[in-house]
Structures are given as structure tokens and as C-alpha cells.
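Only one structure is covered here, and it is reproduced in the block below.
Excluded from the calculations below are hydrogen atoms, water molecules and symmetry mates; all remaining heavy atoms, backbone and side chain alike, are included. Counting from 1, the numbers follow the sequence of the chain as shown.
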Amino acid sequence: MSIYDSLNGPQKEAVLTTDGPVLILAGAGSGKTRVLTHRIAYLIEELGVRPFNILAITFTNKAAQEMRERVDKLIPDAGAEDVWVSTFHSMCVRILRRYIDRIGYETGFTIYDQDDVKSIVKGIMKRLDIDTKLVNERSVMKVISDCKNDLISAAEFEKEAVDMKEKKIASVYREYEDELFKNNALDFDDLLVKTVELFDASPKVLEYYQNRFRYIHVDEYQDTNSVQFELVSRLAAVHKNLCVVGDDDQSIYRFRGADIRNILSFEQVFKGAKVIKLEQNYRSTQGILDVANAVISHNKGRKSKRLWSDRQTVEPVRFTTFPDQKTEASGVITEIKRHVDTGGERLGDTAILYRTNAQSRSFEEACLLKNIPYKVVGGVNFYHRAEIKDILGYLKTIANGRDDLAVRRIVNMPKRGIGDASVEKAAVFAAENGLTLYEALAMAEEIPGFGRSAGKITGFINQIRVLKAKSREMGIADLIRNVIDDVEYESELLKLDEEQAESKRENLEELINKAAEYDQKYEESEMLPSLDSFLEEVALVADIDSVEDSENRLLLMTLHGAKGLEFERVYLCGMEEDVFPSYLSTVSGDPADIEEERRLAYVGITRAKTYLTLTAAQTRMVNGETQFHNVSRFVKEIPDGMLKVEGERRGSAGSPFKTSRTGSYGSSGSFGGSRPGIFGTNPGFGKDVSNLFKGPAAGGDFVIDYAEGDRVSHAMMGQGTVIAMDGSGPDCTVTVEFDTRGVKKMKAGFAKLKKLL
């Protein structure tokens with residue numbers, strides 16, 4: 001029996017269609033990785049394509065590793081290790097390490113993370129005396145990132161700037177690019193942008209990769225942005241054997257620059273493309289898929305498809321409400337504990353999903369009270385922790401003395417008596433003489449005005465020189481140990497309390513563990529591990545890669561963080577208007593924002609394999625104030641017969657949460673049944689509770705003290721000018737042009753705008 005006979009009809013068609021452009025519309029849980037790996041195996045085993053000529057691009061390192069392992073298992077000893085399987089960023093790093101000197105950089109460039117970028121932008125804005133109240137750092141960073149994703153250079157942006165704000169951002173963008181070039185550094189966006197720039201500047205380099213990659217595969221194509229589209233288009237321009245796999249219904253990264261039009265217009269861009277739909281789901285029960293199909297069908301900007309499954313429904317999807325967010329968390333955690341204690345379920349098979357990171361707090365507190373081990377996925381990234389960034393700062397300086405940002409971080413860490421004034425003096429000298437900060441510090445003895453600091457700076461430089469010499473003779477793990485010992489980093493930890501110090505020591509030990517694993521890759525080849533490559537690998541690690549299947553802890557994560565994962569039991573919490581869909585999406589006035597939120601709901605629903613529960617809270621604390629919320633429109637879009645309703649939902653007249661709670665759910669024991677404090681004693685439950693879910697302005701007089709033309713402030717979006725008002729009272733639609741967020745429409749009752757005097 002052939003390995004391809006195990007595929008269903010559409011899957012097999014996708015595997016055997018190898019010539020020309022192919023769009024595989026792979027619904028959630030439809031076996032897309034299986035199709036991709038079998039397709040690569042078919043190219044090698046049946047068509048005789050050299051593995052060297054196959055490229056497969058994924059979005060996470062974890063997915064890349066899984067794909068490579070599965071191809072190796074399908075066709076062992078066939079040279080599948082020569083297939084280039086990587087993320088977009090990893091692919092571009094490999095190309096740039098070989099050829100970036102063609103566009104003026106050195107091949108030993110540093111990769112900056114978001115914290116590094118923020119530090120540089122902050123420094124530039126301070127130097128240019130830009131008021132952060134008018135233009136904040138995050139908005140500048142986002143504009144720069146958006147420009148790069150759309151291949152808009154600093155010069156082009158500056159040319160098109162129309163007002164004072166845009167001109168200030170343009171000046172920061174220009175200085176930012178100059179500083180990165182001076183530091184021989186690239187940010188994450190640059191990895192892609194500079195590769196496109198390289199291809200355009202050096203046709204021979206582009207021709208080499210076009211001829212090498214004769215068969216190109218792109219996973220998660222719905223998440224590609226403009227620059228990724230340009231990269232793929234250039235690489236596939238000669239042989240045109242481009243196979244993209246994706247699901248427009250799971251496009252949820254528009255805020256990162258993902259352009260759903262790339263997948264929706266694939267057939268128009270790549271003429272003669274074959275479209276194959278994978279609609280059989282192997283993950284979820286039919287009841288869960290019915291709910292997912294019902295919700296996503298309300299989106300207009302999508303390709304028609306309907307998921308189905310052979311897995312029969314074990315339990316209908318449930319929806320329940322709670323009086324507030326604390327009770328919601330307590331109820332959910334109580335039920336999870338019951339399933340573990342009496343049903344023998346693993347904690348690691350259950351996930352609590354929510355729209356924003358801030359929602360995790362109530363669930364974390366409930367876990368602690370119930371003694372439930374848990375993990376928050378997508379919290380502080382391991383590599384962003386201060387002690388880890390300190391040691392990585394040393395490694396970056398050892399590898400690339402041109403990285404001014406890394407040098408600034410470590411020059412007085414641990415404390416050496418080198419003050420900020422001395423560092424600034426060296427930075428000025430460096431700027432005036434075309435030197436890096438490291439080079440200027442190395443000349444401290446020769447530069448007048450340093451006084452006693454000169455000797456301390458020279459001591460620092462000598463430490464780096466010694467460590468540089470050691471780096472040529474040892475692996476990365478041993479180098480890290482030497483850094484910690486030589487610079488006496490433990491002295492920093494002694495300043496902390498015992499618990500903090502121990503936590504940081506454990507993190508440093510984990511970094512050494514990571515380095516040791518990296519070193520092992522080189523043992524068989526008897527080559528010395530590359531420090532540059534290690535720093536690359538660290539820089540490209542994504543949060544999702546840290547989720548270990550073997551961990552038996554309850555997982556708490558945002559819906560964005562859950563993409564690509566699956567769980568036996570899922571709780572999708574906070575299903576309320578202005579929570580999910582988010583407040584900003586409901587007031588933006590842009591239908592595309594709501595459609596993206598609905599796709600996010602679809603992603604959350606389809607993470608569940610067997611059990612799915614949706615929950616909502618009648619009241620929720622927001623910015624220190626208790627707000628009443630309506631039930632999410634996504635719940636209302638699910639036909640009544642598909643949900644097992646616990647608590648109040650809505651009546652036939654359309655008012656929210658109008659049906660009474662039925663007794664049958666109490667007898668099942670779900671969420672404590674009818675115990676007082678959960679449902680029994682809450683005013684309005686079992687009655688018409690529509691007034692409880694109207695919004696923050698329900699009850700009392702509502703006064704608007706601003707008018708068109710007035711300056712106002714908003715708790716989340718900052719300051720702006722009212723440009724239009726339609727209606728009166730809390731339902732008045734107010735249009736505001738915000739200084740940093742653009743034009744937004746919102747209801748006066750929810751907006752709580754404050755007039756500026």
C-alpha cells in the first residue's frame with residue numbers, strides 16, 4: 001500500500017498536483033501539514049526532484065521542525081534533509097548572511113528585537129526633542145514597521161508626509177535607519193525587506209535562488225504581508241511551481257500587517273492557478289464544527305467552504321453567563337478541577353482562551369486558590385527577561401562590536417562605576433569621528449575628559465577582549481559560563497531578595513541549557529559552534545514554540561496565541577461586546593475590523609477537539625470601573641439548537657439574555673449547578689435581565705459637555721478633536737480624529753470622552 005493511499009480525495013489531489021500555481025484552502029484541522037509533507041515526499045520519491053530544489057516556508061520554528069521530521073519519516077534515506085524548511089525570517093537570515101555585503105552591510109550583522117528597537121526610537125526622539133505626548137514611541141514603532149511591511153522607505157515616507165506629526169515620525173524613521181546601518185544591525189522587518197532589496201540590487205543572487213527553489217511551498221499563506229508576498233513572487237517567477245496552503249477564515253494578524261487579499265486574490269495574481277479545498281476536519285466533533293461554520297458564515301470577505309467531520313458529538317457546545325469576571329474565573333476553574341479529580345482528565349489537555357492578556361489575572365488567581373498548576377502562554381518572553389538580555393548583550397558585543405545598543409546595556413552591568421555621562425561622552429566622540437561606541441570606549445585612555453572613568457572603561461574593554469579570545473576556543477554554553485564568572489554577574493543577583501535571585505539563576509541555567517543543546521548539534525561534525533548562528537536562533541524563537549506537549553498544566557492564553565494548537569477541552573471566555581469583539585473594533589466603523597474579530601472567534605472555536613464552553617460575565621472591571629456588557633454578537637450568531645444554554649442568553653425579540661435558566665443544567669453539576677452566589681442569588685437571573693446588559697450608561701441622566709470642534713481625551717486612544725456628532729444622549733455617535741489613532745466613531749455612553757479645557 002502506497003503512503004499516498006491513506007489520503008482522502010482532495011488531499012491526494014493536492015499532493016499530486018505539482019505543476020504550476022496551486023492554492024490549497026485548508027480548513028482548520030483538515031490535515032494541511034500531512035498534505036504538505038506528502039507532497040514534498042511525492043516530489044522526491046515519485047518525480048525524482050532533488051531535495052535541494054524544494055523550499056518549504058512555515059511561520060514558526062516548531063512547525064518547521066515538525067515538517068522536516070515528518071518528511072524524514074515518510075522517505076528515510078532519500079536525502080530529505082536537503083529540503084530547505086524554514087520560517088520566512090530564518091530563510092532570509094541565511095540568504096543575507098551570504099550576500100548582504102552586496103547592499104553595504106557586513107555579514108556579521110546583529111538582529112534587534114522589539115526591546116532593542118524601542119530603546120533606539122526612544123533615544124532618537126529624545127535627541128530630536130519630540131514631545132512623546134504628541135507622538136508616542138509605540139505609534140512611531142508601528143508606523144516604521146508598517147512602512148517596512150509595505151516596502152516604503154524612510155525617504156519615500158518623508159516625501160509623502162503631509163502634516164507636522166508625520167514629518168516628525170519621518171525624521172525618526174530616517175535617523176532610525178541610519179543608526180541601524182551604523183550598528184550593522186537589522187530589525188525583524190529588515191530581514192525580509194533587505195532580502196527583497198538584495199534581490200532587486202543583485203539579479204544574479206535572485207537568479208541563483210530562483211533556479212535553486214524550483215518547487216516552493218508556503219504554509220499559513222493567509223498570514224503573509226506585502227513584503228512576504230513580494231519575496232515569494234520573485235522566487236517563483238521563473239518556474240512558477242508555487243503551492244500555497246492556508247485558510248482565509250483563520251487570517252487574524254492584520255494588526256501585524258497580514259494582508260488577507262494575498263489569499264483571496266491568489267487566482268487573479270497567479271494565472272491558471274488550481275484551487276483545492278480541504279473541508280474534512282480530523283480534530284473536532286461535528287457539533288463544534290457546526291458552531292464554527294455558523295459564526296464564520298457571517299463574514300462577507302471569505303472563500304466559501306464548510307467544515308465537516310466523522311467525529312460524532314459527545315456533548316453539545318455550552319454557553320453560560322456569570323455575574324462578574326471573578327465568578328466567571330472561579331466557576332471555570334472549579335469545573336476544570338472537577339473534571340481532573342473525578343473524570344481523570346489531564347490538565348494539559350485543557351485551555352482557557354481569552355481576547356486580551358489582561359483577562360488572565362482572574363483565572364490565575366482562581367488557579368492559585370484551587371491549587372491548580374497553570375502556565376500563561378505569551379507572557380514575558382524568556383529571552384526578554386532582564387538577566388537573559390544582559391548575558392545576550394555580552395554575547396552580541398563579543399560577536400559584533402558594532403552593536404552600540406548591546407554595548408550600552410552591558411558597559412555598566414554589573415556596576416563598574418561607569419556613569420551615563422561617560423557613556424554619552426564616548427557616544428559623542430564616536431559620532432564625531434565615525435566610530436562605533438565600542439571603538440570609542442576602547443580609546444578612553446586617549447580621549448581627554450574621562451578622568452578616573454577611563455581606567456574602569458579600559459577594564460571593561462579588556463574583559464570583552466579576553467572573552468572574544470575565549471569564544472574562538474569553546475562552545476556557547478562554556479562561553480556563557482565564562483561571561484557570568486568573568487564579569488561577576490552573580491554580584492548583581494546578590495542585591496535581590498532570595499526568591500528573585502533564585503528565579504534569575506534558574507533562568508540563566510536555562511539559557512546555558514539552551515546553549516548546550518545548540519552545542520550538541522556540532523559535536524558530530526567536530527566544528528566549533530557559531531556564536532552568530534546561536535544569536536540568530538535565539539532571536540527567531542517565537543512564544544508559541546515554548547508550549548510543550550508534555551507539560552501537565554492548565555494553559556491560559558490569548559486567542560492569537562492559541563492559533564496552531566488544539567486541546568481536548570476549551571473554555572472560550574469573555575464572550576461579551578466590547579471585550580470580544582474588542583472595543584476598538586466595535587467603535588472603529590470599519591467592517592473589516594469586525595470580520596477579523598469573527599475570524600479570531602472561529603480560530604478559538606476550532607481549537608476544541610471534543611468539549612467547548614463559551615462564557616460571559618454580566619459585569620467586568622475596565623480601567624478601574626465596573627461596566628455592564630451585552631452578550632457577544634458571535635454568540636448571538638449561533639442558532640439556538642446548537643448551544644446548551646446555562647444562565648440567560650436572549651429571547652426571540654432579540655433582547656440579550658432574556659431566556660430563563662433551565663433546571664436541567666443545575667442537575668448536571670456544571671459550574672456548581674444552582675448553588676447561591678453563582679446563579680441563585682444574582683438579581684435578575686431567571687427574569688428579564690436586558691437592562692443589565694445595556695452598557696455603562698444604563699440608568700440616570702447622561703450629559704455630553706463637548707461639541708463639534710472641541711478637543712477631548714479618551715482613556716485608551718489619547719487626545720483628539722470632535723469632527724462630527726449624530727444623535728443625543730448615550731447613543732449619540734461621536735466621530736473623533738485622534739492625534740495618534742486616526743478617525744474613530746464611538747457611542748458617547750461607552751466612549752466617556754472628557755473635554756479638554
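R283 contributes a side-chain N or O that, together with a main-chain N or O of T606, makes up a donor-acceptor pair within less than 3.5 Å. Looking at E279, its side chain never comes within 3.5 Å of a backbone N or O of G27 through a donor-acceptor pair. N281 contributes a side-chain N or O that, together with a main-chain N or O of A28, makes up a donor-acceptor pair within less than 3.5 Å. T342 places no side-chain N or O within donor-acceptor distance of the main-chain N or O of H339, the cut-off being under 3.5 Å. A donor-acceptor contact shorter than 3.5 Å is absent between the side chain of R338 and the backbone of T334. A donor-acceptor pair under 3.5 Å links the side-chain atoms of Q11 to the main chain of S30, judged by distance alone. Judged by distance alone, the side chain of Y215 and the main-chain N or O of L43 form no donor-acceptor pair under 3.5 Å. Distance alone, capped at 3.5 Å, places no donor-acceptor pair between the T313 side chain and the P316 backbone. Between the side chain of S265 and the backbone N or O of Q268, no donor-acceptor pair lies under 3.5 Å. Side chain of T17 to main chain of A14: no donor-acceptor pair is present (N/O by atom type, distance under 3.5 Å, no hydrogens or angles).
Between N262 and V244, every side-chain heavy-atom pair lies at or beyond the 4.5 Å cut-off. Under the 4.5 Å side-chain criterion, counting only non-hydrogen atoms from C-beta, L278 is not in contact with V245. In this structure, I605 and L612 have side chains that are in contact, with non-hydrogen atoms separated by less than 4.5 Å. Side chains of R311 and T285 form a contact here, defined as non-hydrogen atoms less than 4.5 Å apart. Between L307 and S284, the closest side-chain pair of non-hydrogen atoms is not below 4.5 Å. Here the side chains of R355 and L600 are in contact, with some heavy-atom distance below 4.5 Å. Side-chain contact between I260 and R599 is present, with heavy atoms from C-beta onward closer than 4.5 Å. Counting heavy atoms from C-beta on, the side chains of H217 and I54 come closer than 4.5 Å.
Side-chain N/O atoms of R620 and H629 include no donor and acceptor closer than 3.5 Å. Between the side chains of S226 and D150, at least one donor N or O sits under 3.5 Å from an acceptor N or O. T356 and Q359 form a side-chain donor-acceptor contact under 3.5 Å, judged by distance and modelled atom types alone. Side-chain contact annotation: D248 with S251, donor-acceptor N/O pair under 3.5 Å absent. Residues Y374 and E364 have side chains that bring a donor and an acceptor to within less than 3.5 angstrom of each other.
Every residue meeting the ring pair (Phe, Tyr, Trp, His ring centres under 6.0 Å) condition with H89, not counting sequence neighbours, appears here in chain and number order: F188. Looking at residues two or more places apart in sequence or on another chain, you find a side-chain contact (heavy atoms from CB on, under 4.5 Å) between T350 and I336, E345, L554, R569, Y571. Applying the side-chain contact (heavy atoms from CB on, under 4.5 Å) test to S145 and every residue at least two apart in sequence or in another chain returns N149, D189. Listed by chain and residue number, S362, F363, A366 satisfy the side-chain contact (heavy atoms from CB on, under 4.5 Å) test with A329 (two or more places apart in sequence, or in another chain). Checked against ring pair (Phe, Tyr, Trp, His ring centres under 6.0 Å), F229 has no partners two or more places apart in sequence or in another chain. In this structure, the salt bridge (charged side-chain N to carboxylate O under 4.0 Å, His left out) partners of E220, at least two apart in sequence or on a different chain, are K32, K563. For Y221, the ring pair (Phe, Tyr, Trp, His ring centres under 6.0 Å) criterion is met by F266, not counting sequence neighbours. Listed by chain and number, the residues in a salt bridge (charged side-chain N to carboxylate O under 4.0 Å, His left out) with R68 amount to none (sequence neighbours excluded). The salt bridge (charged side-chain N to carboxylate O under 4.0 Å, His left out) check on K142 picks up D146, with sequence neighbours excluded. Remark: E315 pairs with R318 by the salt bridge (charged side-chain N to carboxylate O under 4.0 Å, His left out) rule, at least two apart or across chains. When the ring pair (Phe, Tyr, Trp, His ring centres under 6.0 Å) test is applied to F634, the partners found at least two apart in sequence or on another chain are F580.
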>> Run the side-chain contact (heavy atoms from CB on, under 4.5 Å) test on M67 and V83 for me, step by step, so that the C-alpha distance in whole Å, both residues' side-chain angles and the decisive distance to 0.1 Å come before the verdict.
In response: CA-CA 10 Å; M67 187 177 295; V83 176; over 6 Å; no
>> One pair to check against side-chain contact (heavy atoms from CB on, under 4.5 Å): E646 and F319. What are the steps and the verdict?
In response: CA-CA 6 Å; E646 301 169 344; F319 172 63; over 6 Å; no
>> Using side-chain contact (heavy atoms from CB on, under 4.5 Å), reason through F628 and Q618 one step at a time and then give a plain yes or no.
In response: CA-CA 6 Å; F628 295 87; Q618 287 181 302; 5.6 Å; no
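The two residues E597 and S585 make their nearest non-hydrogen contact at CG-OG, 3.5 Å. Contact detail for A294 and P639: the closest heavy-atom pair is CB-CD, 3.7 Å. Closest non-hydrogen pair, S6 versus H38, comes out as OG-NE2, 4.4 Å. G331 and F322 make their closest contact through CA-CE2, 4.1 Å (heavy atoms, listed as atom of the first residue, atom of the second, distance). What you find for H298 and E595 is that their closest heavy atoms are O-OE2, 4.4 Å. When every heavy atom of T586 is checked against every heavy atom of P581, the shortest pair comes out as CG2-CG, 3.8 Å.
Salt bridge status for R261 with D259: present, with a side-chain N to carboxylate O gap under 4.0 Å. Salt bridge annotation for R633-E577: present, with a cationic side-chain nitrogen under 4.0 angstrom from a carboxylate oxygen. For D349 and K609, the salt-bridge test fails: no basic side-chain N is under 4.0 Å from an acidic carboxylate O. With salt bridges taken as basic N to acidic carboxylate O contacts below 4.0 Å, none links K326 and E365. Contact check on K305 versus D247 returns a salt bridge, with a Lys/Arg side-chain nitrogen under 4.0 Å from an Asp/Glu carboxylate oxygen.
Atom NZ of K277 sits about 14.0 Å away from atom CD1 of I24, to the nearest 0.5 Å. Interatomic distance, CD of Q250 versus CD1 of I296, reported as 9.0 Å (0.5 Å rounding). Rounding to the nearest 0.5 Å places CD1 of I594 at 10.0 Å from CG of N299. Atom-to-atom distance recorded for I288:CD1 and T610:OG1 is 6.5 Å, nearest 0.5 angstrom. Taking CD of E568 as the start and OH of Y611 as the end, the distance is 6.5 Å to the nearest 0.5 Å. Taking OH of Y354 as the start and CG of L559 as the end, the distance is 9.5 Å to the nearest 0.5 Å.
The environment of CG in N371 is sparse: at most 12 heavy-atom neighbours from other residues, nucleotides or ligands sit within 6.0 Å.
The list of salt bridge (Lys or Arg N to Asp or Glu O under 4.0 Å) pairs with a residue in residues 289-304, not counting sequence neighbours, reads D249-R302, E267-K303.
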